[in-house]
Trainee: 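Structure in structure tokens, see below.
So that the names make sense, note that chain A is the first sequence line, chain B the second, and so on, each numbered from 1.
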Amino acid sequence: MAVTTMIGAKIHRREDPRLVSGEGRYVDDFTRPGTIFLSVVRSPYAHARIKSMDVTQATKAPGVVAVYTHKDFAKVLSGTMPVTPSFVAEKKQNPPRFPIADKEVVYQGEPVAVVLAETKYQASDAGNMIDVDYEQLPAVMDLEKALEENSPKVHSGASDNVGWDLTYIPDDAAVMKEADVVVKQRILQQRLAPTSMETRGVLAEYSKPDGTLTVWMSSQSPHFVRLFLAGAMGIPETRIRVISPDVGGGFGAKISPYSEDWLVPAAAKLTGRPVKWIESRTESLQTTTHGRGQIFDVEAGVKKDGTLVFMKVTQYLDAGAYLGTFSAFQSCACLLAGGAYNWKHVSSRTVGVLTNRVPTDPYRGAGRPEATHLCERMIDLLADGIKMDPAALRRKNFISEFPHQNHFGLTFDSGNYEKALAMALEMVGYEKLRHEQEEGRKKGRYLGIGLSSWIEICGFGPSAGTAPATGGIALVESAQVRVFPTGSVAVYVGTHSHGQGHDTTFPQIVADTLGVPYDMIEMRHGDTAEGPAFGYGTYGSRSLAVGGMAVHKASKKVVDKARKLAAHVFEAAEEDVVFDQGHFYVKGSPDKRKAFGEIAFAAYGAGLPEGMEQGLEAVAYFDPPNFVWPFGTHVAVVEVDTETGDVDLKRYIAVDDCGNIINPMIVDGQVHGGVAQGIAQALYEEVVYDDESGQLKTGSLVDYLVPTANEFPEFELGRTITPSPTNELGVKGIGEAGTIASSVAVINAVCDALRPLGIKHVDMPASPDRVWKMIHNARNASHDGHDGKEARK
Amino acid sequence: MIPAAFEYARAASIDEAAKLLDKYGEDAKVLAGGHSLIPLMRLRLAQPSALVDINGIKGLDYIKVEGSKVHVGALTRHVEIQNSDAIKDKLPILAEVAGEVGDNQVRNMGTIGGVVAHADAAGDYPTIALILDADIVTNKRSIPAKDFFKDLFTTPLAANEIVTEVVFPVADGPHKYIKFRRRLFDWAIVGAAAQKMNGGWRIGLTNVGPTPVRAKAVEEALHKGAKPEEASQHASDGLNPSGDLRASPEYKKHLARVLTRRAIEQSA
Ligand SMILES: Cc1cc2nc3c(=O)[nH]c(=O)nc-3n(C[C@H](O)[C@H](O)[C@H](O)COP(=O)(O)OP(=O)(O)OC[C@H]3O[C@@H](n4cnc5c(N)ncnc54)[C@H](O)[C@@H]3O)c2cc1C
């Protein structure tokens, strides 16, 4: 076995020089001869009937090639946008969705027509000339109102707005009675816009003579795009090539297919010209799927001595106007609500609700940030309820034996929760900080310390669990390793790197397995015309634990063949051949060695062993036996300016455990980005619609507050390593961890700061006006002598 | 995010710019730093028929101290005001404010002439111009700041009138501008300015109404000897701010009081 040199090495991302110097190639950087531009005309209303549409003027506008509406697309597209079972096998209502509206529009931004013109300016101008006569219908924007019996219906003619309603485990009244202290809390998860730096975009070219379709698309999973397009357009997969070149971020919002993903290729087929559409930022905020958008009603009980008893969760999920392809994935919040702890009983129910908003779908963490947020919030409330230190309550109830099966039948593979907590507390200086907090309060300074001991399910996933969830395709992963005669290696993978650094980490694995220099390894992904027949894409922190393993497995197949050949060359028995750091030799005579490259060359020559074929390459599919379960503890330290409600995030400590590490620098980078996105939810971001008009109010980055590096303190990172028993590399995932952990660390800190004022819970985003209002109300209440007496000290 | 079609012409002098504006008529607009105008055009909230680019006009970016006045040319960029020794010496509050406008890109492109002409309620210089009794000078006349900021995005400028400079009095006493915002590059949710001048206080507020506000009631209370804490209670007198996604009217009024007190207390 080769001595490990590259795995674990802190080397720079080799894709970065290209990306940071503006040499990246994104969809909009590609062009084909004769390309025309598509502009989408969208519904300005949340709910309306299309009475008529007049396109005559637009058709005559300068440069316009065609104007298409529903009836044109109905000729080349069939079926409806896919909705998978995910974690809810049976839906109560699944309104069929065609990529373009026909008679009724159900959210602002839904496509009603497209214009194709020689330039994007002409397309955009002509789009404004289409005259649509709408009859506005009552819209329902609010999830709770949508559940009321006499609420307007999102789809005319529907009997209610319920997409699904599933109880995973019912309550156990007897267990609930065992608790000494019970707390109830409603916890809001505001809608978020994923806001990747590169918006969505599609370029499609249809070749009539040979019936082939080539699509360049900013996507996280090009093979799934090909699969869906094959179905929608009736073109065999063999004639569709999807290329996702450099992709400037996805965050989960580039997994599911979108209207434009179908309309652009269809328009290319209809016009016979290459067609390009690039989403504007406003379109992105309006029509790219949103994340979160949930309300949790939670109740939890504890014994006086700190033993956790029960947790009861009801999730109301704002699905939007149609069910997203994976919207019910977010119901996994219900399955993970118990977090890192032993509870006697956990019960949960998920309700998916339709509203006249753009659909929601997975967004970085998808269900797991929500689970962590509700669980860690409840732990703090319970600690407060029994006057126990929140760190002590966590320590007392941590799951400590692995593998551990939770109430919902999921098996946590490995963990050491206490160790991560201890490290985080030490890094932050917990005891000293608590003392400072105490002293500060006397002087009117409101410091808060917030903990988040998070766990995560990721690495999707075992075929047995995932095939039913997608409706048939198991989420395994594939890789192909090809060794060329001179010993250069090309690796083709089915995952897709859009910020994760696979161009660096996967070759690190191959370099160690094959013993060839890292620089001789070429990484290829994102082109369905290359590599194995199917790839599954990147999401759910799966690429390393599943895709990296496929790479490892394919590399080992190559080594196995090379070893056989080496034995033949040495005229030795196979088991006597040693492979070490890129060289083969016969046990006992290391001086007579042959480099891997020499054997590769021989593999293309004559005189191979009996029955051996020429060439040196292998394909592998890896089906993991389980999910992987990263974990850790994060700590946020805030100071609240109680006069303005401003929250100052002073420190942020993240201790994460993702098993063995391939490249520590990349792990740190993933944590940084993830933490930033969770803090963004805690303090800044929120999608806001006007409840009356149904208009999106956060339609630009002036109003949708994506924070920048300026708004964050230096993150202090720590790490424990508990290898995963699920795969040979011992790795887990780290792509979503930061986001999963961080929103609640910050909110727990804010609540901790405000506790002396009698404030127990703060919803997100904890913006200054919201926090000020709460403080203002708490103080007024204490003036009236009701509550929060401490505040007057 | 694609602007409607427009004509474009680049002027080499103020006269030429005025002539071009006359030629293109009412719907033409001056283009300075473009950092307010172009975003509005991309959102199609503004659809000018023509842009008259004044960036090629020589001698419109200057900072000159003449006697008791500081002259700032209309094309002077925020970054130049922020870094000017003359401004730091004679009008330090303006350098402080300039350093707080937007981010580097905005400060490298945006101009003082553009800010005053645009008259955004959240613009920072207008507040300073107002409380210091600055004059806005155009190719036709000079307009006192108190008569210039009439309403939201509304000034007395005629369609072919071009701002050439803003003239401030020297003010080198204790001062502070506090800008309350979410992100470093954001516009003010509320801003408060305090400037000690000629033995009295000048107090101003940003983004608490359609125009900048001079908080005369606070100034008078301070003049009568009230402590900052008491005087600042008057900062919200007569205000009727509109609410937005970041702040309710009530919260803005509260911030006006708190930030005014802090600006006075922190003046140095
Ligand atoms: C992200 C961002 C953040 C910002 N934050 C702030 C902030 O915090 N505070 C702040 O004050 N500003 C802020 N701005 C605005 C910035 O300061 C602009 O530069 C400024 O408002 C306009 O100046 P400009 O030179 O870019 O003018 P332009 O955008 O070119 O023009 C603006 C308007 O003024 C007119 N105009 C320009 N110059 C003249 C002239 N000489 N004579 C007559 N009319 C003229 C134009 O016709 C147009 O109507 C921000 C901008 C951005 C993009």
Side-chain angles (χ1 to χ4, degrees), chain A residues 37 39 61-63 117 119-128 199 278-286 641-647 680 683-690 696-712 765-773 775-776, chain B residues 1-6 35-36 38-45 47 100 102-106 120-122 178-192 207 228-229 232-233 235 241 243-263 265:
Chain A
F37 296 84
S39 159
T119 73
K120 58 183 174 181
Y121 305 98
Q122 290 168 333
S124 180
D125 286 344
N128 287 339
T199 56
I278 302 291
E279 186 187 49
S280 74
R281 183 57 66 188
T282 300
E283 283 179 301
S284 172
L285 290 164
Q286 196 179 56
D641 178 341
T642 53
E643 217 177 7
T644 61
D646 194 35
V647 174
L683 298 178
Y684 296 95
E685 297 181 12
E686 178 171 32
V687 169
V688 183
Y689 282 90
D690 187 286
L696 181 71
K697 288 178 157 184
T698 44
S700 85
L701 294 180
V702 174
D703 293 315
Y704 187 78
L705 303 186
V706 179
T708 69
N710 293 312
E711 278 70 54
F712 303 117
S767 59
D769 63 343
R770 168 175 276 157
V771 173
W772 172 75
K773 227 166 275 158
I775 295 170
H776 187 69
Chain B
M1 311 234 82
I2 291 174
F6 58 89
H35 270 54
S36 288
I38 290 178
L40 289 176
M41 289 169 63
R42 289 175 67 102
L43 293 166
R44 298 206 175 195
L45 294 172
Q47 301 200 6
E100 302 269 313
D103 52 22
N104 283 330
Q105 287 97 317
V106 175
D120 192 307
I178 298 183
K179 191 169 165 178
F180 192 80
R181 62 196 151 177
R182 298 302 321 275
R183 299 171 296 186
L184 196 68
F185 61 90
D186 274 337
W187 298 81
I189 294 175
V190 172
N207 207 28
E229 180 150 359
S232 61
Q233 291 308 311
D244 54 38
L245 286 177
R246 272 163 238 211
S248 64
E250 205 192 338
Y251 182 54
K252 281 192 181 175
K253 288 204 267 184
H254 170 75
L255 282 179
R257 294 189 292 266
V258 173
L259 301 181
T260 297
R261 191 199 75 229
R262 289 182 181 182
E265 284 173 352

Trainee: Report the option among A/Thr282, A/Leu705, A/Val688 that has the most heavy-atom pairs separated by less than 4.5 Å from atoms of chain B.
Mentor: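 When all of A/Thr282, A/Leu705, A/Val688 are compared, A/Leu705 has the most.
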Trainee: Do A/Glu643 and B/Arg257 come close enough that some side-chain heavy atom pair is under 4.5 Å?
Mentor: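 Not in contact.
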Trainee: Within the supplied structure, the quantity of interest is the number of heavy atoms (other residues, nucleotides, ligands) at a distance under 6.0 Å from A/Tyr121 OH; does it exceed 12?
Mentor: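 Counting other residues, nucleotides and ligands, OH of A/Tyr121 stays at 12 neighbours or fewer.
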Trainee: Can you name the nearest heavy-atom pair linking B/Ile2 to A/Ser124, along with the distance?
Mentor: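 Looking at all heavy atoms of both residues, the closest pair is CB-OG, 3.9 Å.
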Trainee: By a 4.5 Å heavy-atom criterion (distance strictly below it), what part of B/Leu184 contacts chain A: side chain, backbone, both, or neither?
Mentor: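 Both the backbone and the side chain of B/Leu184 come within 4.5 Å of chain A.
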Trainee: Rounded to the nearest 0.5 Å, what's the gap from CZ on B/Phe185 to CG on A/Asn710? Could you check?
Mentor: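 B/Phe185 atom CZ to A/Asn710 atom CG measures 8.0 Å (nearest 0.5 Å).
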Trainee: Is B/Arg262 close to chain A through its backbone or its side chain, or both, or neither, when contacts mean heavy atoms under 4.5 Å?
Mentor: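 For B/Arg262, side-chain heavy atoms alone lie under 4.5 Å from chain A.
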Trainee: Rounded to the nearest 0.5 Å, what's the gap from CG on A/Asp703 to CG on B/Asp244? Could you check?
Mentor: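 Between A/Asp703 CG and B/Asp244 CG, I get 8.0 Å after rounding to 0.5 Å.
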Trainee: Measuring from B/Tyr251:OH to A/Thr644:OG1, what's the distance to the nearest 0.5 Å?
Mentor: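 Rounded to the nearest 0.5 Å, the OH-OG1 separation comes out at 5.0 Å.
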Trainee: Using heavy-atom distances under 4.5 Å, tell me whether A/Asp641 contacts chain B through its side chain, its backbone, both, or neither.
Mentor: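 Side chain of A/Asp641 only, per the 4.5 Å heavy-atom cut-off to chain B.
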Trainee: Taking side chain as everything from C-beta outward and backbone as N, CA, C, O, which of these in B/Arg181 sits under 4.5 Å from a heavy atom of chain A? Side chain, backbone, both or neither.
Mentor: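 Contact with chain A involves no heavy atom of B/Arg181 at all.
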Trainee: What distance separates B/Ile189 CD1 from A/Asp769 CG, expressed to the nearest 0.5 Å?
Mentor: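 Answer rounded to 0.5 Å: 7.5 Å.
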Trainee: To the nearest 0.5 Å, how far apart are NZ in A/Lys773 and NE2 in B/His254?
Mentor: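 The distance works out to 11.5 Å.
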Trainee: Of all of B/Lys252, B/Glu250, B/Arg44, which one pairs up most often with chain A through heavy atoms under 4.5 Å apart?
Mentor: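 Max contact count across the listed options: B/Arg44.
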Trainee: In plain terms, say whether A/Glu685 and B/Arg182 are close enough for a salt bridge, that is, a side-chain N and a carboxylate O under 4.0 Å apart.
Mentor: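 No salt bridge links A/Glu685 with B/Arg182.
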Trainee: Which answer fits B/Leu43, side chain, backbone, both or neither, if we ask what part of it has an atom under 4.5 Å from a heavy atom of chain A?
Mentor: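 Just its side chain gets close to chain A.
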Trainee: Give, as side chain, backbone, both or neither, the part of A/Ile278 having an atom under 4.5 angstrom from any heavy atom of chain B.
Mentor: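 When you check distances to chain B, no heavy atom of A/Ile278 falls under 4.5 Å.
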Trainee: Only counting residues at least two apart or in another chain, list the ones meeting salt bridge (Lys or Arg N to Asp or Glu O under 4.0 Å) with B/Asp186.
Mentor: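 Counting only residues at least two positions away or on another chain, B/Asp186 forms a salt bridge (Lys or Arg N to Asp or Glu O under 4.0 Å) with B/Arg183, B/Arg246.
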Trainee: Considering only heavy atoms, which portion of A/Tyr704 lies under 4.5 Å from any heavy atom of chain B: side chain, backbone, both, or neither?
Mentor: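 When you check distances to chain B, only backbone atoms of A/Tyr704 fall under 4.5 Å.
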Trainee: Using a 6.0 Å cut-off, check whether atom CD of B/Glu229 has over 12 heavy atoms from anything other than its own residue.
Mentor: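 No, the 6.0 Å shell around CD holds no more than 12 heavy atoms from other groups.
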